[in-house]
Amino acid sequence: MIYAYIENSNGKYKKSAFEAVSYAKTLADNLNDSVTALTFNSEENSEVLYKYGASQVVNVKNEALKTFNPKTYASVIEQIADGTLFVFSHSGESLSIAPYLAKAKNAAYITNVIAVPESVSPFRAKRNSFSGKAIALVETSMPNLLITIAQGAVGIKENPVQGSEENPVVTVAEDPHYKVESVEKSSEKLNLKEAELVVSGGRGMKSPENWGILEDLAETLGAATACSKPVADSGWRPHAEHVGQTGKSIAPKLYIAIGISGAIQHLAGVNGSKTMVVINNDPEAPFFKSADYGVVADLFEAVPKLTEKLRDFKG
Ligand SMILES: Cc1cc2nc3c(=O)[nH]c(=O)nc-3n(C[C@H](O)[C@H](O)[C@H](O)COP(=O)(O)OP(=O)(O)OC[C@H]3O[C@@H](n4cnc5c(N)ncnc54)[C@H](O)[C@@H]3O)c2cc1C
């Protein structure tokens, strides 16, 4: 049995969940096995997971699991999942659950996988390493295996199967060492992790008052907004927008970087983007080396002009 862990946000499946199911289905087809999608307190119809190849959906409905605790989640998965192969997303949530489960299952743990496996048994696949600067080909012959798959790297593939849903009753042990004191909801209009278009600003924006031009561009495109770490650290933008090695890792179709130098720690979170456009007035800015399109210009002139042109185009 191959398990795909399905993340949901307020009961709605995240895009990365469909990638996890699609990937698990590829493994299942190779091993003549089937996929069980495992989720907590989902409010969505399981049909959508059958469409990507899950023939069983285990949706654990339990009040105690409405507060996220990685250790508790891992112990519940351990209780109900008797499989040997587990597919997770390479996201903050999954990356905090998976190591507990890997330990409990005495499993090999391969993170940040970026391609379908070259071999399923033994499992051999490519993974991102050194913040996306290198690709490693890794192999394991351990019988139990957990993998996390990089967002946007392997894609979503429809593979409809007949499915059924189960809602098992589980025991949720209290964790005296873990307490959520408060929850701060992100103010972002569009979910940055899921957005297909992202407009991002760095220190070159000079001050938070200047963000209006970036927001105008984002609104015209229907894009989410992001920022570099120093921008969030200075309180110019909320931390929920911080992308990079220590922030969110995103893989939109289009990433527009405005006044961002392109430090390796920033690129680590955005280099999965399909197309990168960089606007910077320094032709030597390192970001230009990674960009698909570069505009050497003063952002305060270029960005409003770009927005105007896009509005004309849309009109
Ligand atoms: C352990 C560690 C983890 C880190 N994690 C992250 C992370 O997750 N995310 C992250 O972003 N950073 C991270 N950093 C910081 C990173 O190294 C850089 O310092 C940071 O990304 C720089 O942010 P910036 O590009 O906004 O600012 P700067 O490096 O100051 O770049 C500003 C850019 O704006 C351009 N500019 C200035 N004025 C204009 C103008 N008028 N028009 C056009 N362009 C202009 C400049 O040419 C420059 O290239 C981390 C660092 C460390 C050590």
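Ligands are counted one by one from 1 in listed order, and the atoms in each one are counted from 1 as well.
At distances below 3.5 Å, not a single donor-acceptor pair connects side-chain atoms of Asn144 with backbone N or O atoms of Ala102. Proximity of a side-chain donor or acceptor of Ser96 to a complementary backbone N or O of Gly92 within less than 3.5 Å is detected. Remark: the backbone N or O of Ile6 is paired with a side-chain donor or acceptor of Thr39 at under 3.5 angstrom.
Enumerated by chain and number, the residues approaching ligand 1 to less than 4.0 Å through a heavy atom are Gly202, Arg203, Gly204, Lys206, Ser228, Lys229, Pro230, His242, Val243, Gly244, Gln245, Thr246, Gly247, Gly259, Ile260, Ser261, Ala263, Gln265, His266, Asn280, Asn281, Asp282, Ala297, Asp298, Leu299, Phe300.
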Given the rule in the side chain to side chain contact (heavy atoms under 4.5 Å, CB included) test, do Phe40 and Thr72 qualify, once you have shown the distances and angles that lead to the verdict?
CA-CA 12 Å; Phe40 296 127; Thr72 310; over 6 Å; no

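For Val231 against Gly201, the heavy-atom pair with the smallest separation is CG2-O, 3.9 Å.
For the ring pair (Phe, Tyr, Trp, His ring centres under 6.0 Å) test, residues two or more places apart in sequence or in another chain that qualify with Phe68 are Tyr73.
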